[in-house]
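For the single chain, residues carry numbers from 1 onward in sequence order. As a basis for the values below, the full set of heavy atoms in this structure was taken, side chains included, without hydrogen atoms, waters or symmetry mates.
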Amino acid sequence: MASQENLLKDASEVIDKRLPISHKERLKVSASDDAQTLTIDGLSDEEQEVVKEILRKEYGYQGLQ
């Protein structure tokens, strides 16, 4: 099972390397203690879903909400 710390690190990596946005430094990324829920304040729902889908497919976070 993935840890909250790993999920936050991986999400930050995906945002930094894969999202073409200019306000990355203003985003607030948080994850539940069980690393099953990820929230990214400052992104639209669609942008959040893109990040989550990358994490599911490329990083193996199955069941991520």
(message) Can you give me the closest heavy-atom contact between Leu38 and Leu55, atom names plus distance?
(response)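 Residues Leu38 and Leu55, closest heavy atoms: CD2-CD1, 3.6 Å.
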
(message) Could you report the tightest heavy-atom contact between Gln48 and Thr39, atom names first, then the distance?
(response)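 Closest heavy-atom pair between Gln48 and Thr39: OE1-CA, 3.9 Å.
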
(message) Nearest 0.5 Å, please: how far is OH in Tyr61 from CD1 in Ile54?
(response)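 Atom-to-atom, Ile54:CD1 and Tyr61:OH are 13.5 Å apart.
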
(message) If you define the side chain from C-beta out and look only at heavy atoms, does anything of Leu43 sit under 4.5 Å from Ile21?
(response)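 Yes - at least one pair of side-chain heavy atoms lies under 4.5 Å apart.
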
(message) Within the structure provided, determine whether Tyr59 and Leu64 are in side-chain contact (heavy-atom separation under 4.5 Å).
(response)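 Result no, sub-4.5 Å side-chain heavy-atom pair not found.
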
Which residues pass the side chain to side chain contact (heavy atoms under 4.5 Å, CB included) test with [X], not counting sequence neighbours?
X: Ser44; result: Glu46, Glu47
X: Gln62; result: none
X: Asp33; result: Gln4

(message) So, using side-chain hydrogen bond (donor to acceptor under 3.5 Å, both in side chains) as the criterion, who are the partners of Ser32 when residues are at least two apart?
(response)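 For Ser32, the residues satisfying side-chain hydrogen bond (donor to acceptor under 3.5 Å, both in side chains) (neighbours in sequence not counted) are Asp34.
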
(request) Apply side-chain contact (heavy atoms from CB on, under 4.5 Å) to the pair Val51 and Ile15, showing each step before the final yes or no. (result) CA-CA 7 Å; Val51 172; Ile15 291 166; 4.1 Å; yes

(request) Keeping to residues at least two apart or across chains, list the salt bridge (Lys or Arg N to Asp or Glu O under 4.0 Å) pairs with something in residues 4-31. (result)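 Sorted pair list: Arg18-Glu58.
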
(request) Go through the steps for Asp41 and Val29 under the test side-chain contact (heavy atoms from CB on, under 4.5 Å), then give the verdict. (result) CA-CA 6 Å; Asp41 293 333; Val29 181; over 6 Å; no

